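FYI, side chains are in, hydrogens and waters are out, and symmetry mates aren't considered; it's all heavy atoms of this structure. Treat the numbers as computed from the prediction; the structure is a model and nothing was measured.
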Amino acid sequence: QVQLVESGGGLVQSGGSLRLSCAASGSIFSIHSMAWYRQAPGKQREFVARIISGGTTNYADSVKGRFTISRDNAKNTVYLQMNSLKPEDTAVYYCNAVLTSNSGLRNYWGQGTQVTVSS
């Protein structure tokens with residue numbers, strides 16, 4: 001059973017920083033990509049950042065220059081360093097992974113972690 005376990009969410013003031021972590025566990029053969037999405041109250045889930053197996057990264061325009069996605073391949077873990085946080089960053093953040101396991105290649109989601117930025 002593959003699981004994505006997230007940590008690092010919480011409450012911060014505007015201009016502050018948070019670092020989210022997401023560790024994939026289970027009988028994993030290979031992780032092809034990991035990403036972060038977020039969903040604010042009353043809004044659709046949106047893409048935030050993605051890192052591909054070769055190291056290529058992509059960011060939403062709204063977070064470019066402020067957020068950094070990275071990974072630790074040995075730990076099957078992805079991180080999201082969030083700096084210069086704004087109230088509009090407040091959302092539930094979801095970890096996503098495309099990976100191969102005993103079930104073949106498929107997409108997985110974490111449970112979500114709340115990030116709240118106060119003004």
**Asked** Counting distance only, does the side-chain N/O of S21 pair as donor-acceptor with the main-chain N or O of E6 below 3.5 Å?
**Response** no

**Request:** For Q1, look at atom CD and say whether over 12 heavy atoms of other residues, nucleotides or ligands are found less than 6.0 Å away.
**Result:** no

**Complete:** Closest heavy-atom pair, V63 versus V48, reported as atoms and distance to 0.1 Å, is CG2-O, 3.6 Å

**Prompt:** Side-chain contact, heavy-atom cut-off 4.5 Å: V92 with R38?
**Reply:** no

**Message:** Tell me if a side-chain donor or acceptor on T90 pairs with a main-chain N or O of V117 at a distance below 3.5 Å.
**Reply:** yes

**Message:** Please check: side-chain N/O of T77 versus main-chain N/O of K75, any donor-acceptor pairing under 3.5 Å?
**Reply:** yes

**Asked** Is any NZ, NE, NH1 or NH2 atom of the basic residue among K64 and D61 found under 4.0 Å from an Asp or Glu carboxylate oxygen of the other?
**Response** yes

**Request:** Treating Ile, Leu, Val, Met, Phe, Trp and Tyr as nodes and any side-chain heavy-atom pair under 4.5 angstrom as an edge, say whether L4 and Y79 lie in one connected cluster.
**Result:** no

**Asked** Just wondering, do T100 and H32 contact through their side chains at under 4.5 Å, heavy atoms?
**Response** yes

**Message:** Measuring only between side-chain heavy atoms, which start at C-beta, is W36 closer than 4.5 Å to L20?
**Reply:** yes

**Message:** Going by side chain to side chain contact (heavy atoms under 4.5 Å, CB included), V2 matches just one of S101, S103, S27. Which one?
**Reply:** S101

**Request:** Hey, could you give me the CG/OG distance between N96 and S33, rounded to the nearest 0.5 Å?
**Result:** 6.5 Å

**Item:** Rounded distance (nearest 0.5 Å) linking atom OH of Y94 with atom OG1 of T113
**Value:** 10.0 Å

Less than 3.5 Å apart, which donor and acceptor atoms pair up between the side chains of residues 11-19 and the rest of the protein, not counting sequence neighbours?
from	atom 1	to	atom 2	distance (Å)
S14	OG	S118	O	2.8
S17	OG	N83	OD1	2.9

**Asked** With a cut-off of 6.0 Å (strictly less than), are more than 12 heavy atoms of other residues, nucleotides or ligands near CD of Q3?
**Response** no

**Asked** If you measure from CG on L99 to CG on N76, what distance do you get to the nearest 0.5 Å?
**Response** 8.5 Å

**Prompt:** Considering only heavy atoms from C-beta outward, does the side chain of R71 approach that of M34 to under 4.5 Å?
**Reply:** no

**Item:** Donor-acceptor contact present, side-chain Q39 to main-chain Q44, <3.5 Å
**Value:** no

**Asked** Taking the side chain as C-beta and beyond, is there a heavy-atom pair between V98 and Y108 under 4.5 Å?
**Response** no

**Fill in**
Applied to residues 6-114, the disulfide bond (SG atoms under 2.5 Å apart) test, sequence neighbours excluded, yields C22-C95

**Request:** Taking ring-ring contact (aromatic ring centres under 6.0 Å, His included) as the test, write out the residues that go with Y37, two or more places apart.
**Result:** F47, W109

**Asked** Would you say the side chain of F67 lies within less than 4.5 Å of the side chain of L80, judging by non-hydrogen atoms?
**Response** yes

**Message:** If you define the side chain from C-beta out and look only at heavy atoms, does anything of V78 sit under 4.5 Å from I69?
**Reply:** yes

**Prompt:** Is any side-chain heavy atom of R66 closer than 4.5 Å to a side-chain heavy atom of Y59?
**Reply:** no

